Amino acid sequence: MAYNISKNSTSTSVKYANVFEIERYATKDGPGIRTVVFFKGCNLKCIWCQNPESQLMKPEVMYSKEQCAGCRKCIFACPNGSVEEIPPLGFISNHNTCILCGACVDACFYDARRIVGKKYTIESIMEEILKDKAFYDNSGGGVTFSGGEPLLQHRAVLELASRCKSMGIHTALETAGHVDWTVFNEIIPNMDLIFYDVKHIDEKLHKEYTGVSNRLILQNLQKLSMHFDNIVVRIPIIPKVNNTLDVQRKIYHFLLESTRVKTVELLPFHRLGAAKYSGLGRVYKMGTAKNLHKEDCRPFAEEASKLGLNVRIGAV
Ligand code: SF4
Ligand code: SF4
């Protein structure tokens with residue numbers, strides 16, 4: 001079946017979005033089979049972030065030491081002198097001087113370099129989304145807008161979400177909530193489900209571990225829960241950051257006393273993104289912290305449940 005994807009667009013329509021991945025057949029970010037659109041750019045810098053390549057809005061070259069054969073062709077290929085050998089990291093592109101020409105990527109026979117992030121047209125994202133319409137219909141699935149922080153490009157999210165809604169496609173959003181409230185006001189009529197991150201209840205510690213205060217995030221969550229029913233609060237459980245009963249209890253009490261949120265999902269810490277940091281020339285600040293497992297989250301889940309929240313322990 002052919003769909004007219006230009007119909008029902010928003011009046012302030014945008015044409016492009018910066019996206020670093022479009023994942024098809026996803027099953028963890030909402031009901032059924034889904035397509036997840038990962039927007040590039042984030043205004044938080046969580047030290048445990050599994051997708052550090054999502055943080056900058058602009059595209060960047062990412063390097064994989066595991067695949068590198070050390071041939072140095074990338075250094076010779078770069079017209080700008082932007083590839084540097086930085087032991088022990090390897091052959092890193094300097095993102096301040098890189099002009100994203102792609103010459104180092106083309107020169108690498110070992111697929112050890114790639115440019116992450118791309119300006120997609122809204123039409124091309126819709127084309128990707130619509131490839132799996134039959135799967136959404138059969139599984140109760142749909143589309144999830146994730147990131148990075150998708151709401152930094154809320155006009156694009158709004159455009160995509162309104163087109164999806166007009167075609168009967170379920171829409172979900174993953175957000176850290178650090179945006180102006182007016183953005184939520186515009187977005188919520190086109191969303192069926194919102195995953196909302198709460199990372200710490202203490203403002204000073206939140207700032208230390210994510211780079212921003214939690215004040216706006218918690219205020220927005222309070223308001224959002226007054227206007228929107230289907231919210232799942234996601235709490236990443238991070239070693240030495242928030243993995244104590246005391247911190248978790250404070251978060252649960254906040255949710256119960258200051259919001260109408262009823263469902264939380266605990267996400268055990270995983271080192272999944274660790275290698276990407278060095279490939280981007282950055283430092284992984286979680287050091288040697290070990291992966292957590294579902295069992296590690298069980299006491300927190302029991303506490304949340306005892307207090308009256310619906311709780312599940314998610315997978316990474
Ligand atoms: S993308 Fe181009 S400018 Fe950037 S590091 Fe590679 S070769 Fe150099
Ligand atoms: S061209 Fe590829 S394999 Fe050769 S040094 Fe550069 S990243 Fe490594």
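What you are looking at is a predicted structure, and each value in this text was computed from that prediction instead of being measured.
- Atom CD1 of I22 and atom CZ of F39 lie 8.5 Å apart (nearest 0.5 Å).
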If you look only at distance, which donor and acceptor atoms sit under 3.5 Å apart when one is on a side chain in residues 109-119 and the other is two or more places apart or in another chain?
residue	atom	partner	partner atom	Å
R113	NH1	F91	O	2.9
R113	NH2	F91	O	3.2
R113	NH2	S93	OG	2.8

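- Counting non-hydrogen atoms of other residues, nucleotides and ligands closer than 6.0 Å to NZ of K131 gives a total above 12.
- Ion pairing of E85 with R72 is present here, as a side-chain N (NZ or NE/NH1/NH2) and a carboxylate O approach within less than 4.0 Å.
- Although no hydrogens or angles enter the test, the distance criterion places no donor-acceptor pair under 3.5 Å between the side chain of N214 and the main chain of H206.
- Neither side chain, N18 nor K58, offers a donor N or O lying under 3.5 Å from an acceptor on the other.
- The neighbour count for K285 NZ, taken as heavy atoms of other residues, nucleotides or ligands under 6.0 Å away, does not exceed 12.
- A donor atom on one side chain and an acceptor atom on the other are found under 3.5 Å apart for T182 and D180.
- The shortest heavy-atom contact between N220 and F184 is ND2-CE1, 3.8 Å.
- Ring geometry, Y25 versus F135: the interplanar angle exceeds 60°, so the pair is classed perpendicular (tilted spans 30 to 60°).
- In this structure a side-chain-to-backbone donor-acceptor pair under 3.5 Å is present from S124 to T121.
- The CZ atom of R282 lies 12.5 Å from the CG atom of L89; values are rounded to the nearest 0.5 Å.
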Please lay out, stage by stage, how E149 and K40 fare under the test salt bridge (Lys or Arg N to Asp or Glu O under 4.0 Å). CA-CA 7 Å; E149 173 53 72; K40 194 152 160 47; over 6 Å; no
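- A salt bridge links D197 with K199: the closest approach of a Lys/Arg side-chain nitrogen to an acidic carboxylate oxygen falls below 4.0 angstrom.
- Just one residue in the list V37, V36, T35 forms a side chain to side chain contact (heavy atoms under 4.5 Å, CB included) with T144, and that residue is V36.
- In terms of modelled atom types and a separation under 3.5 Å, the side chain of S278 and the main chain of G281 share no donor-acceptor contact.
- A 6.0 Å sphere centred on OH of Y16 holds no more than 12 heavy atoms belonging to other residues, nucleotides or ligands.
- The side chain to side chain donor-acceptor pair (under 3.5 Å) with S213 is formed by just one residue from the set H178, E203, K207; it is E203.
- Within 6.0 Å of CZ in R24 there are more than 12 heavy atoms belonging to other residues, nucleotides or ligands.
- A salt bridge does not link K73 to D106: none of the charged nitrogens lies less than 4.0 Å from a carboxylate oxygen.
- Formation of a donor-acceptor pair under 3.5 Å by the S162 side chain with backbone atoms of L158 is found in this model.
- Side chain of H293 to main chain of E295: no donor-acceptor pair is present (N/O by atom type, distance under 3.5 Å, no hydrogens or angles).
- Rounding to the nearest 0.5 Å gives a distance of 11.0 Å between CH2 of W181 and CG of L216.
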Check against salt bridge (Lys or Arg N to Asp or Glu O under 4.0 Å), D229 and R260: CA-CA 8 Å; D229 284 333; R260 290 168 57 227; 3.2 Å; yes
Verify side chain to side chain contact (heavy atoms under 4.5 Å, CB included) between F195 and I231, making sure each step is shown before the conclusion. CA-CA 6 Å; F195 293 104; I231 303 173; over 6 Å; no
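- For S225 (side chain) and T259 (main-chain N/O), no donor-acceptor pair under 3.5 Å exists by modelled atom type.
- Using modelled atom types and a 3.5 Å distance limit, the side chains of R34 and H170 yield a donor-acceptor pair.
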So E159 and R163, salt bridge (Lys or Arg N to Asp or Glu O under 4.0 Å) or not? Walk me through it. CA-CA 6 Å; E159 181 69 31; R163 292 193 193 194; 3.0 Å; yes
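- Using a distance-only test at 3.5 Å, with no hydrogens or angles considered, no donor-acceptor pair links the side chain of N51 to the main chain of E53.
- With hydrogens and angles disregarded, a donor-acceptor distance shorter than 3.5 Å links the side chain of N80 to the backbone of T97.
- Here D202 does not pair with K250 in a salt bridge; the nearest charged N to carboxylate O distance is not below 4.0 Å.
- Between the Q55 side chain and the G41 main chain, no donor and acceptor come within less than 3.5 Å of each other.
- Taking CD1 from I313 and CG from D296, the interatomic distance works out to 9.5 Å, rounded to the nearest 0.5 Å.
- The backbone N or O of D192 sits less than 3.5 Å from a side-chain atom of N230, completing a donor-acceptor pair.
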